[in-house]
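Reviewing the structure listed below.
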Protein chains: 2
Amino acid sequence: MALGDAILACLTERPMTGYELAKTFDNSIGFFWKADHQQIYRELTKLRDRGHIQGREVVQSGKPNKLVYTLTPDGRAALRHWAARPSVPASIKDDLLVRLYALDSVDVEPLRTDLMARLEHHRDRFARYERLLNKRFPQGTAPPADVGKLLGLRIGLAHERAVAEWCEEAIEALSALTSGAERSNVVPLEENQRENKG
Amino acid sequence: MALGDAILACLTERPMTGYELAKTFDNSIGFFWKADHQQIYRELTKLRDRGHIQGREVVQSGKPNKLVYTLTPDGRAALRHWAARPSVPASIKDDLLVRLYALDSVDVEPLRTDLMARLEHHRDRFARYERLLNKRFPQGTAPPADVGKLLGLRIGLAHERAVAEWCEEAIEALSALTSGAERSNVVPLEENQRENKG
DNA sequence: CTGACTTTTTCCCGTCACGGTAAATAACGG
DNA sequence: CCGTTATTTACCGTGACGGGAAAAAGTCAG
């Protein structure tokens with residue numbers, strides 16, 4: 001929704017090109033807002049048309065020339081204005097929850113492997129945020145201008161930790177489910193083999 | 001993204017009309033997936049065109065007739081198929097994070113009030129989920145078919161708790177910020193008045 | 001040297017999401 | 001009589017998002 005505003009927010013840090021924005025969204029906002037390069041470029045032209053940013057062409061040798069975008073006073077004002085409006089709480093909207101909701105109409109095995117992949121994913125993110133936190137804010141405190149970035153990292157950490165723990169719980173629950181089903185419906189594999197042997 | 005699949009998932013529970021779906025999304029999926037009635041109806045016609053659901057008109061007296069939609073075997077198959085594909089981890093995409101990211105280019109006061117509203121919002125959600133949990137799963141356990149729903153509530157709880165706590169932290173951090181600024185830049189109001197009096 | 005990859009921007013195509021405005025229908029509550 | 005509830009449908013836009021592609025000029029590996 002607020003992709004344009006996210007870009008404006010990025011540009012408060014320093015002027016950037018579309019390419020740079022697309023690459024990382026500056027290693028911090030990018031974790032919360034993924035957007036591919038075409039989206040970024042499209043948004044940049046919109047913002048330029050609105051006069052919120054201003055592009056300055058930098059001639060390069062060896063590479064195509066680049067357009068470095070800077071916030072205009074109008075852009076700053078727009079950002080401030082937008083930031084003063086109440087935010088809309090975001091929904092979770094995770095596919096996994098829908099799958100789990102329909103658990104009994106769905107194959108459990110792919111779900112379990114999916115959950116395990118997700119667990120790893122969230123652990124990775126957690127570790128990444130942790131590293132970033134230790135690097136950028138080793139004291140756990142931030143200078144006034146960066147307090148918001150610290151807070152962003154903090155909720156990222158909390159979120160990834162919570163989701164990872166939840167994944168573990170979900171995997172366990174699924175295991176309990178299938179082992180229960182096997183006990184009542186199918187003979188579990190090991191016992192089956194043991195019985196076949198004995 | 002998977003609005004159609006979310007609807008299919010809902011319909012695994014029981015046949016429903018668009019109106020019912022729009023109302024609540026069944027008091028559980030609706031917390032994660034908000035969608036207004038026009039979206040739902042649009043999606044329903046698409047699903048019907050694909051043959052994933054089937055509408056049966058129920059004649060009513062006193063109210064307009066309603067269309068009760070039921071999953072078709074094709075719809076069930078589509079849901080299973082969709083659920084077997086790996087899920088894409090959702091981004092956070094919360095406006096608040098963008099505002100905080102650009103904290104030093106933004107007015108703090110509206111942000112603070114926004115954060116307080118959000119705190120209340122997440123506490124409310126938390127309480128709501130807790131009530132629902134105690135009502136639907138008083139033992140903290142679920143029959144096999146409902147395990148996924150329990151897990152959904154669980155992550156909802158964890159999420160709201162984490163975000164609410166984070167809001168508190170953020171509010172504190174902002175307070176520290178402004179009181180710090182007042183100490184260095186502006187004389188705080190009370191002291192100002194005391195000095196004026198003395 | 002060739003072929004692959006990086007850097008940088010742009011364009012065109014679509015689908016999905018989302019939301020406002022609104023209308024039709026028919027009962028019930030006040 | 002007016003407003004609300006229940007129920008569906010329509011039309012309109014904007015915004016998000018992503019595939020596919022192409023330019024242009026360099027670097028680096030094989």
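The structure displayed is predicted, hence computed values, not measured ones. Just the heavy atoms: all of them, side chains too, but no hydrogens, waters or symmetry mates, feed the values below. Letters go in sequence order (proteins before strands), and every chain restarts at 1.
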- Item | Residue met sooner reading DNA chain C from 5', once Arg42(B) and Gly18(A) are mapped to nucleotides |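 Whichever sits nearer the 5' end wins; that is Gly18(A).
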
Starting at atom [atom1] of [X], determine the distance to atom [atom2] of [N], rounded to an integer number of angstrom.
X        : N       : atom1 : atom2 : value
Leu47(A) : dG15(D) : CG    : P     : 11 Å
Tyr19(A) : dA25(D) : OH    : C1'   : 14 Å
Ile40(B) : dC16(C) : CD1   : P     : 15 Å
Asp5(A)  : dG15(D) : CG    : P     : 11 Å
Asp36(A) : dC16(C) : CG    : P     : 17 Å
Glu43(A) : dT9(C)  : CD    : P     : 16 Å
Leu67(A) : dT9(C)  : CG    : C1'   : 8 Å
Asp95(A) : dA17(C) : CG    : P     : 10 Å

- Using a cut-off of 6.0 Å, state whether more than 12 heavy atoms not belonging to Arg80(A) lie near its atom CZ.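 No, not enclosed.
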
- Message: Just checking Glu109(A): does its CD atom have more than 12 heavy atoms from other residues, nucleotides or ligands closer to it than 6.0 angstrom?
- Response: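 More than 12 heavy atoms, drawn from other residues, nucleotides or ligands, come within 6.0 Å of this atom.
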
If you compare every side-chain N and O of [X] against the phosphate oxygens of [N] (OP1, OP2), does one of them come in below 4.0 Å?
X        : N       : answer
Gln38(B) : dG19(C) : no
Lys46(B) : dC16(C) : yes
Tyr41(A) : dT10(C) : no
Lys66(A) : dT6(C)  : no
Lys93(B) : dA17(C) : no

- Message: Using a 4.0 Å heavy-atom cut-off, does Thr17(A) contact any base of the nucleic acid, only the sugar-phosphate backbone, or nothing at all?
- Response: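 Sugar-phosphate, backbone atoms only, no base.
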
- Query: Side chains of Thr12(B) and Arg76(B): is there a donor and an acceptor less than 3.5 Å apart?
  - Reply: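 Side chains of Thr12(B) and Arg76(B): no pair found under 3.5 Å.
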
- Query: Do the side chain of His37(A) and the base of dT10(C) come within less than 3.5 angstrom through a donor-acceptor pair of N or O atoms?
  - Reply: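 Answer is yes: a donor-acceptor pair is held.
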
- Query: Is Arg154(A) salt-bridged to Glu165(B), going by a charged N under 4.0 Å from an acidic O?
  - Reply: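 Salt bridge absent between Arg154(A) and Glu165(B).
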
- Task: Before accepting this row, confirm whether a basic side-chain N of the pair Glu130(A)/Arg161(A) lies closer than 4.0 Å to the acidic partner's carboxylate O.
- Result: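 Not counted as a salt bridge, because no side-chain N and carboxylate O are separated by less than 4.0 Å.
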
